[in-house]
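Working notes, structure below.
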Number of protein chains: 2
Amino acid sequence: MSDEEKKARLRLREFLPYRLSVLSNTVSRGIANLYDREFGLTIWQWRVMAVTGDTPGISATDIGQRTAMDKVAVSRAVAGLIELGYMERKTSESDGRRSQLFLTPAGQDIYEMIVPIALEAERKLMAPLTSEEQAELSRLMQKLAGSASPERPLW
Amino acid sequence: MSDEEKKARLRLREFLPYRLSVLSNTVSRGIANLYDREFGLTIWQWRVMAVTGDTPGISATDIGQRTAMDKVAVSRAVAGLIELGYMERKTSESDGRRSQLFLTPAGQDIYEMIVPIALEAERKLMAPLTSEEQAELSRLMQKLAGSASPERPLW
DNA sequence: GTCAATTAGTTACATATGAAACTAATAAAA
DNA sequence: TTTTATTAGTTTCATATGTAACTAATTGAC
């Protein structure tokens with residue numbers, strides 16, 4: 001076989017990082033539109049609300065870890081949510097640097113409205129997969145996530 | 001069961017759109033670092049090179065369709081690549097609006113250097129999956145992509 | 001042919017994002 | 001203690017990105 005024939009080809013449409021990016025962007029864009037249209041929230045604001053609704057009193061740093069957001073993004077999302085009246089901040093008594101974040105009653109209402117809408121969107125997205133396929137996808141993504149973790153970069 | 005008990009919960013870490021986004025960002029960031037570090041290219045420049053290397057003479061609009069990039073992003077990536085001396089543009093004889101894009105010899109060299117590196121990165125990413133799992137993942141992503149296509153938005 | 005409508009691609013502008021510098025508070029070292 | 005280093009969070013600045021407006025060429029209607 002000549003060198004010429006051995007040249008590897010890269011078909012973008014079959015290249016996993018590309019496919020992952022396109023799929024993720026399509027899904028994220030759809031969801032972002034939904035949150036923005038219905039509630040005037042960005043994806044990051046919603047993520048912050050989601051974990052705060054789930055874990056009242058959480059700090060900004062911990063939100064960052066739970067949402068894969070950097071601290072600047074968290075800071076901005078929190079500022080926006082306070083501005084909107086959906087969140088309030090107290091300062092930790094034991095540590096004056098640390099914030100303790102809570103949803104306001106208005107924020108709690110929004111939270112409770114979004115959760116079922118978000119779950120329904122996920123359901124529709126997954127609808128073409130059987131429940132076995134859904135479980136398998138989840139498992140495979142888990143494996144990939146381990147393989148691609150930023151702490152142990154592969155390249 | 002009371003209404004209180006029926007409240008749905010949303011665990012971000014298990015929410016598919018979120019997991020997809022985190023996984024895709026992790027992978028994309030790793031690959032972007034690789035291209036930038038080794039060749040001084042952005043992901044978008046590399047995508048444009050990839051399809052131009054595969055389809056010499058392609059137009060900017062067609063690149064956009066093949067790479068899921070909007071025309072502004074393609075325009076900027078092409079401008080950067082021309083600046084770097086990796087790409088050249090001719091104007092179509094039959095249609096004066098249309099460009100015909102080609103890799104220069106220098107661009108061709110870079111292209112041939114990147115392709116195996118990119119494929120190797122993909123291989124490492126997928127290494128923890130058996131080949132059956134890889135095929136299954138591909139199939140499931142295909143299904144999801146159909147479900148989430150922007151032409152037929154679900155939400 | 002002439003004029004309106006469409007298409008390819010670029011430019012301008014406004015917003016989003018991330019890295020680094022910064023402030024304030026706490027912890028650790030001396 | 002005081003002083004040095006670390007941590008939580010915000011602000012600043014430079015760059016990236018998307019939308020909309022724009023230019024130039026082509027097509028279609030008449």
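Every chain is numbered from 1 and lettered A, B, ... according to where its sequence line falls, protein lines coming before strand lines.
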Among [options], which nucleotide sits nearest the side chain of [X]?
| X | options | answer |
| --- | --- | --- |
| A/V72 | D/dG9, D/dG18, C/dA20 | C/dA20 |
| A/D95 | C/dT26, D/dG18, D/dA21 | C/dT26 |
| A/W44 | C/dT17, D/dT17, C/dG9 | C/dT17 |

Would you please confirm or rule out a distance under 4.0 Å between OP1 or OP2 of [N] and any side-chain N or O of [X]?
| X | N | value |
| --- | --- | --- |
| A/S99 | D/dG9 | yes |
| B/R97 | D/dA24 | no |
| B/R89 | C/dT10 | yes |
| A/T42 | C/dA16 | no |
| A/S75 | D/dT10 | yes |

State whether the side chain of [X] and the backbone N or O of [Y] hold a donor-acceptor pair below 3.5 Å, judged by distance alone.
| X | Y | result |
| --- | --- | --- |
| B/S99 | B/L101 | no |
| A/R19 | B/S138 | yes |
| B/T55 | B/I58 | no |
| B/Q134 | B/L129 | yes |
| B/T26 | B/V22 | yes |

Value in whole Å for how far the [atom2] atom of [N] lies from [atom1] of [X]:
| X | N | atom1 | atom2 | result |
| --- | --- | --- | --- | --- |
| B/M69 | D/dT17 | CE | C1' | 11 Å |
| A/L41 | C/dA16 | CG | P | 14 Å |
| B/K71 | D/dA24 | NZ | C1' | 13 Å |
| B/R29 | C/dG18 | CZ | P | 6 Å |

Check your understanding: Counting any heavy atom closer than 4.0 Å, what does A/S59 reach on the DNA or RNA strands: base, sugar-phosphate only, or nothing?
Key -> sugar-phosphate
Review point. Has the side chain of B/R76 got a donor or acceptor atom sitting under 3.5 Å from an opposite partner on the base of D/dG18?
Key: yes
Check your understanding: When the nearest nucleotide of DNA chain C is assigned to A/D70 and to A/S92 on a heavy-atom basis, which residue is associated with the more 5' position?
Key -> A/D70
